Amino acid sequence: MAARTLYTAGITGVGMSFPEKRLTNADLEKIVETDDQWIVERTGIKERRIAEPGTGASVHGAKAAEQAMEHAGIKAEDVDIIMVPTVTPDMPFPATACIIQEMIGATKAWGFDLEAACSGFLFALQNARAQIESGHAEKVLVIGTEVMSSIIDYEDRNTCILFGDGAGAVVVERIDPERGGIIDAFNRVDGTGARFLNQKAGGSRMPATAKTVADKLHCVYQEGRDVYKFAVRGMASATSDIVERNGYTGKDVALFVPHQANIRIIEAAQRRVGLEDSQVAITIDRFGNTTAASIPSALRVAYEDGRLKEGDLVVLCAFGAGFTWGSTLLRWTAP
Ligand code: UT7
């Protein structure tokens with residue numbers, strides 16, 4: 001459905017922040033029955049960062065936001081909206097967006113958290129775009145931040161090898177339409193996937209009790225093989241659809257920045273669009289799956305590596321619990 005738009009939105013700054021502590025595959029070999037070769041071959045992950053116990057998602061979220069604002073050359077006082085996609089908020093309420101607002105001093109902002117698991121960053125980016133295109137906001141912070149280690153069972157080898165902590169943030173601003181900015185977005189949910197990937201307890205359906213804690217029902221539950229099948233299909237079609245429906249081919253794409261869940265899922269999407277390795281951003285080897293933080297932090301890494309310049313055609317793509325999935329096509333507009 002074509003939307004009526006008054007203005008154009010573009011990413012004007014990117015930031016990231018990760019805890020210092022590294023959890024390597026060799027470390028995990030000492031905790032569960034696994035090995036480095038299995039993890040690297042099946043997932044592409046070599047190590048992940050882990051926050052000190054008791055670190056809220058706001059801590060690295062605020063740091064990533066500050067770096068993104070510095071990159072964009074804006075002040076916290078100028079931010080209109082703070083959106084925080086996360087599955088590991090500091091607390092169930094208030095929103096981590098409120099906590100970050102105080103930490104960074106965004107005195108005129110409003111904001112909220114958004115939960116769409118690994119697709120959270122793209123869903124929030126589409127919201128930021130809509131606020132700007134409609135004229136309701138000029139400067140929006142989108143901060144994907146996670147402390148996945150707070151909801152992982154380190155005795156479950158199916159999940160503990162996958163996830164890491166960290167944050168990535170972008171500033172989205174009203175820009176000159178000539179520069180391109182955010183061109184198109186495609187987002188979907190399919191609730192039939194809820195049973196394959198979830199956190200069973202701690203919500204209204206199953207409030208916390210001594211038994212839910214003893215049974216580890218507050219930890220990530222995943223039926224990996226099923227999620228994998230849907231993820232390959234979802235990521236590959238979301239990537240190819242958005243490229244093709246805008247009249248482009250793989251050759252036009254300067255950089256593909258996928259959610260970092262599994263190197264094999266990324267390669268399947270890459271093959272579908274016919275992209276070379278040089279066109280794909282990979283950070284899963286060093287950070288693992290950081291859920292809503294993976295795409296914005298991968299953007300920051302790509303920027304630091306000199307892989308993004310004004311006007312570059314960039315494709316973002318994600319798949320996560322829900323199921324949720326989506327893609328975004330944009331022209332790069334950060335300095
Ligand atoms: O980010 C949100 C969306 N999430 C995803 O996209 C994740 C999607 N799923 C995946 O990435 C993959 O399914 C996993 C990486 C989670 C697992 O890889 P897989 O190739 O699907 O392995 P599998 O679950 O089919 O397990 C194969 C074998 C099993 O042994 P049996 O039953 O064949 O004897 C597992 O028990 O590997 C075993 N296994 C392990 N072995 C060593 C499972 N985990 C481990 C482990 N180390 N950590």
Side-chain angles (χ1 to χ4, degrees), residues 23-48 85-88 115-123 144-149 151-166 168 187-199 219-239 257-270 272 281-285 287-298 316-327:
L23 181 67
T24 65
N25 291 351
D27 296 331
L28 286 166
E29 283 176 4
K30 293 178 203 136
I31 308 173
V32 288
E33 177 94 30
T34 191
D35 61 85
D36 175 59
Q37 193 189 348
W38 190 96
I39 301 174
V40 172
E41 280 175 7
R42 298 291 181 116
T43 71
I45 303 169
K46 293 180 181 152
E47 59 179 43
R48 351 61 210 115
T86 182
V87 298
T88 51
E115 202 283 278
C118 298
S119 307
F121 175 75
L122 292 192
F123 286 18
T145 182
E146 303 285 4
V147 185
M148 293 303 294
S149 59
I151 56 167
I152 293 298
D153 171 7
Y154 284 95
E155 290 177 352
D156 175 13
R157 70 174 182 174
N158 292 299
T159 51
C160 75
I161 57 147
L162 300 171
F163 294 95
D165 302 338
N187 291 307
R188 290 282 189 278
V189 304
D190 177 359
T192 61
R195 66 182 184 276
F196 299 116
L197 179 51
N198 54 51
Q199 186 183 3
C219 294
V220 171
Y221 170 84
Q222 175 168 254
E223 292 178 31
R225 249 177 257 190
D226 293 292
V227 178
Y228 184 88
K229 275 184 261 164
F230 282 98
V232 166
R233 219 179 301 148
M235 294 261 294
S237 67
T239 306
V257 185
H259 168 55
Q260 311 278 317
N262 186 316
I263 192 76
R264 292 179 294 142
I265 299 173
I266 294 171
E267 285 167 357
Q270 175 184 348
R272 174 78 83 88
I282 302 292
T283 58
I284 192 168
D285 52 336
F287 298 134
N289 182 349
T290 57
T291 309
S294 84
I295 293 176
S297 58
L316 314 177
C317 180
F319 185 93
F323 291 130
T324 56
W325 71 102
S327 53

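Order of listing sets the numbers, starting from 1, for every ligand and every atom in it. Just so it is clear, the model here is predicted, and its values are computed rather than measured. What you see below is based on every heavy atom in this structure, not just the backbone, and it leaves out hydrogens, waters and symmetry mates.
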Residues which pass side chain to side chain contact (heavy atoms under 4.5 Å, CB included) with Q37, listed by chain and number, not counting sequence neighbours: D35, E41
What protein heavy atom sits nearest [atom], and how far away is it?
| atom | result |
| --- | --- |
| atom 20 (O) of ligand 1 | R42 NH1, 2.7 Å |
| atom 4 (N) of ligand 1 | Q222 OE1, 3.2 Å |
| atom 1 (O) of ligand 1 | N289 ND2, 2.7 Å |
| atom 47 (N) of ligand 1 | T34 OG1, 2.6 Å |
| atom 18 (O) of ligand 1 | R264 NH2, 3.6 Å |
| atom 2 (C) of ligand 1 | C118 SG, 3.2 Å |
| atom 38 (C) of ligand 1 | R157 NH2, 3.7 Å |
| atom 3 (C) of ligand 1 | V227 CG1, 3.7 Å |

Six-ring centre of F230, R233 cation under 6.0 angstrom, axis tolerance 45°: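 Yes, R233 sits over the ring of F230.
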[atom2] on [Y] to [atom1] on [X], rounded to 0.5 Å:
| X | Y | atom1 | atom2 | result |
| --- | --- | --- | --- | --- |
| D27 | T24 | CG | OG1 | 3.0 Å |
| F196 | F323 | CZ | CZ | 5.5 Å |
| I31 | E155 | CD1 | CD | 10.0 Å |
| D285 | I263 | CG | CD1 | 7.5 Å |

Per-atom contacts of ligand 1 with [X], taking only distances under 4.0 Å to non-hydrogen atoms:
| X | value |
| --- | --- |
| A261 | 1 (O), 5 (C), 6 (O) |
| N158 | 43 (C), 44 (N) |
| I161 | 48 (N) |

N/O separation below 3.5 Å, T43 to ligand 1: no
Nitrogen or oxygen atoms of G224 and ligand 1 under 3.5 Å apart: yes
Any idea which part of [X] is under 4.0 Å from ligand 1, heavy-atom wise: side chain, backbone, both or neither?
| X | result |
| --- | --- |
| I265 | side chain |
| W38 | side chain |
| V32 | neither |

Minimum heavy-atom distance N289-I45, with the two atoms named: N-CD1, 4.5 Å
Distance-minimising heavy-atom pair for C118 and G320: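 In terms of heavy atoms, the two residues are closest at CB-CA, 3.7 Å.
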Option with minimal heavy-atom separation from atom 26 (O) of ligand 1, where the choices are E33, H259, R225: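 Nearest heavy atom to atom 26 (O) of ligand 1 lies in R225.
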Selection from D35, L28, N262 by shortest heavy-atom distance to atom 10 (C) of ligand 1: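 It is N262 whose heavy atom sits nearest to atom 10 (C) of ligand 1.
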Distance flag for atom 30 (O) of ligand 1, protein heavy atom under 4.0 Å: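 When distances to the protein are checked, atom 30 (O) of ligand 1 has no heavy atom within 4.0 Å.
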Modelled atom types, side-chain donor and acceptor of E146 and T290, under 3.5 Å: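 Their side chains do not contain a donor-acceptor pair, so the 3.5 Å distance test is not met.
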Greater than 12 external heavy atoms within 6.0 Å of E223's CD: yes
With sequence neighbours excluded, residues passing side chain to side chain donor-acceptor pair (under 3.5 Å) with Q260: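 Listed in chain order: nothing, the list is empty.
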Stepwise side chain to side chain contact (heavy atoms under 4.5 Å, CB included) check, F319 with V232: CA-CA 9 Å; F319 185 93; V232 166; over 6 Å; no
